[in-house]
K.L.:
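Questions regarding the structure given below will be posed in turn.
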Amino acid sequence: VQLQASGGGLVQAGRSVALTCTASGRTFSDHVMGWFRQAQGKEREFVAAISRSAYSTYYSDSVKGRFTISRDSAKNTVYLQMTNLKPEDSAVYYCARANSYSTIPRDYAYWGQGTQVTVSS
């Protein structure tokens with residue numbers, strides 16, 4: 001299984017960025033997909049997750065109301081739409097795959113390579 005994340009970059013505070021993560025293989029819809037981020041010098045933290053059917057979504061308190069996770073099983077792709085970005089959102093963002101919902105990184109078996117998001121003030 002390979003996860004390929006893209007869409008990061010440099011953006012001004014208050015603006016929006018969309019991240020994309022495309023998975024290889026034929027079992028995309030059988031797994032929970034999540035986004036995590038890791039700022040320099042900090043631990044990796046949960047951002048958002050989406051259930052297999054996309055019926056349920058979960059967010060950390062720090063991004064709730066600003067970020068939206070979605071998935072397209074026909075394209076084996078999960079998205080993270082980030083709006084009203086803040087400098088503290090700056091981090092490397094990772095997509096990951098798990099067998100069930102969790103906010104703990106070790107519960108995700110497969111990870112993308114990460115994409116940098118930098119928010120300038």
Side-chain angles (χ1 to χ4, degrees):
V1 174
Q2 290 188 327
L3 302 177
Q4 183 72 36
S6 61
L10 175 64
V11 62
Q12 289 184 326
R15 304 297 290 269
S16 301
V17 165
L19 304 183
T20 298
C21 174
T22 301
S24 65
R26 295 179 290 178
T27 61
F28 178 78
S29 59
D30 293 340
H31 297 90
V32 168
M33 297 299 297
W35 286 96
F36 289 76
R37 67 186 181 186
Q38 188 166 17
Q40 194 168 6
K42 295 188 176 181
E43 294 186 352
R44 192 166 298 190
E45 66 172 357
F46 172 77
V47 174
I50 188 166
S51 64
R52 298 171 185 82
S53 65
Y55 183 79
S56 299
T57 56
Y58 312 88
Y59 299 94
S60 67
D61 288 342
S62 62
V63 308
K64 196 174 297 182
R66 299 188 298 120
F67 291 11
T68 302
I69 188 171
S70 61
R71 66 190 297 165
D72 184 340
S73 292
K75 297 181 178 179
N76 278 16
T77 300
V78 60
Y79 307 94
L80 186 68
Q81 178 68 42
M82 306 186 292
T83 64
N84 190 22
L85 283 160
K86 305 175 181 180
E88 53 263 41
D89 293 319
S90 297
V92 177
Y93 283 73
Y94 298 89
C95 60
R97 191 186 90 170
N99 291 328
S100 58
Y101 167 65
S102 174
T103 62
I104 302 173
R106 66 172 180 268
D107 290 336
Y108 288 74
Y110 295 95
W111 291 81
Q113 84 286 6
T115 183
Q116 176 72 48
V117 174
T118 303
V119 184
S120 63
S121 58

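Since we're looking at a predicted model, the values are computed, not measured.
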K.L.:
Between Ile50 and Ser70, which heavy-atom pair has the shortest distance, and what is it?
P.N.:
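Taking Ile50 first and Ser70 second, the nearest heavy atoms are CD1-CA, 3.6 Å.
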K.L.:
Give me the one residue out of Leu19, Leu80, Asp89 that meets side-chain contact (heavy atoms from CB on, under 4.5 Å) with Arg37.
P.N.:
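Exactly one option meets the side-chain contact (heavy atoms from CB on, under 4.5 Å) with Arg37, and it is Asp89.
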K.L.:
Could you list the residues that satisfy side-chain contact (heavy atoms from CB on, under 4.5 Å) with Thr22, not counting sequence neighbours?
P.N.:
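side-chain contact (heavy atoms from CB on, under 4.5 Å) check on Thr22 returns Thr20, Thr77.
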K.L.:
Would you compute the distance between atom CZ of Arg66 and atom CD of Gln81 and round it to the nearest 0.5 angstrom?
P.N.:
12.0 Å
K.L.:
Rounded to the nearest 0.5 Å, what separation is found between the CG atom of Asn99 and the CZ atom of Arg52?
P.N.:
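Asn99 CG to Arg52 CZ: 7.0 Å, rounded to 0.5 Å.
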K.L.:
How many angstroms lie between CZ in Arg97 and CZ in Phe28, if you round to the nearest 0.5 Å?
P.N.:
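Taking CZ in Arg97 and CZ in Phe28, the distance rounds to 10.0 Å.
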K.L.:
Looking only at non-hydrogen atoms, find the nearest pair between Ser29 and Arg71 and report the distance.
P.N.:
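Distance-wise, the nearest heavy atoms are CA-NH2, 3.8 Å.
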K.L.:
Any pair with a residue in residues 80-121 that passes disulfide bond (SG atoms under 2.5 Å apart), sequence neighbours left out, goes on the list, sorted by first then second residue, please.
P.N.:
Cys21-Cys95
K.L.:
Where do Asp107 and Ser102 come nearest, in terms of heavy atoms and distance?
P.N.:
OD2-OG, 2.6 Å
K.L.:
Output the distance between atom CE (Met33) and atom OG (Ser51), rounded to the nearest 0.5 Å.
P.N.:
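Between Met33 CE and Ser51 OG, I get 12.5 Å after rounding to 0.5 Å.
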K.L.:
Any ring pair (Phe, Tyr, Trp, His ring centres under 6.0 Å) involving residues 99-121? Give me the pairs, sequence neighbours left out, ordered by first then second residue.
P.N.:
Phe36-Tyr108, Phe36-Trp111, Tyr58-Tyr101
K.L.:
Is the closest basic N to carboxylate O distance between Asp61 and Lys64 below 4.0 Å?
P.N.:
yes
K.L.:
Kindly compute the distance separating CZ (Arg15) from CG (Asn84), expressed to the nearest 0.5 Å.
P.N.:
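Output value for this atom pair is 12.0 Å.
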K.L.:
A side-chain contact here means heavy atoms from C-beta on lying under 4.5 Å apart; do Ile104 and Phe46 qualify?
P.N.:
no
K.L.:
Are Leu10 and Met82 in one and the same hydrophobic cluster, where Ile, Leu, Val, Met, Phe, Trp and Tyr link if side-chain heavy atoms are under 4.5 Å apart?
P.N.:
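No, separate clusters.
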K.L.:
Start with the C-alpha gap between Val17 and Phe67, add the side-chain angles, then the distance that decides, and say whether side-chain contact (heavy atoms from CB on, under 4.5 Å) holds.
P.N.:
CA-CA 10 Å; Val17 165; Phe67 291 11; over 6 Å; no
K.L.:
State the CG-OH distance between Asp72 and Tyr79, to the nearest 0.5 angstrom.
P.N.:
5.0 Å
K.L.:
Is a side-chain donor or acceptor of Thr57 paired with a backbone partner of Ile69 at a separation under 3.5 angstrom?
P.N.:
no
K.L.:
Spell out, yes or no, whether Tyr93 and Val11 are grouped together once hydrophobic residues are joined by side-chain heavy atoms under 4.5 Å, including indirect joins.
P.N.:
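The answer is yes; both residues are in one hydrophobic cluster.
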K.L.:
Treating Ile, Leu, Val, Met, Phe, Trp and Tyr as nodes and any side-chain heavy-atom pair under 4.5 angstrom as an edge, say whether Val47 and Tyr94 lie in one connected cluster.
P.N.:
no
K.L.:
Verify, without hydrogens or angle tests, whether Ser90 (side chain) and Val119 (backbone) share a donor-acceptor contact under 3.5 angstrom.
P.N.:
yes
K.L.:
Going hydrophobic residue to hydrophobic residue with side-chain gaps under 4.5 angstrom, can you get from Val63 over to Val92?
P.N.:
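Each belongs to a different hydrophobic cluster.
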K.L.:
Taking the side chain from Gln113 and the backbone from Ala5, do they hold a donor-acceptor pair closer than 3.5 Å?
P.N.:
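Yes, the answer is positive, given that a donor and an acceptor are paired below the 3.5 Å cut-off.
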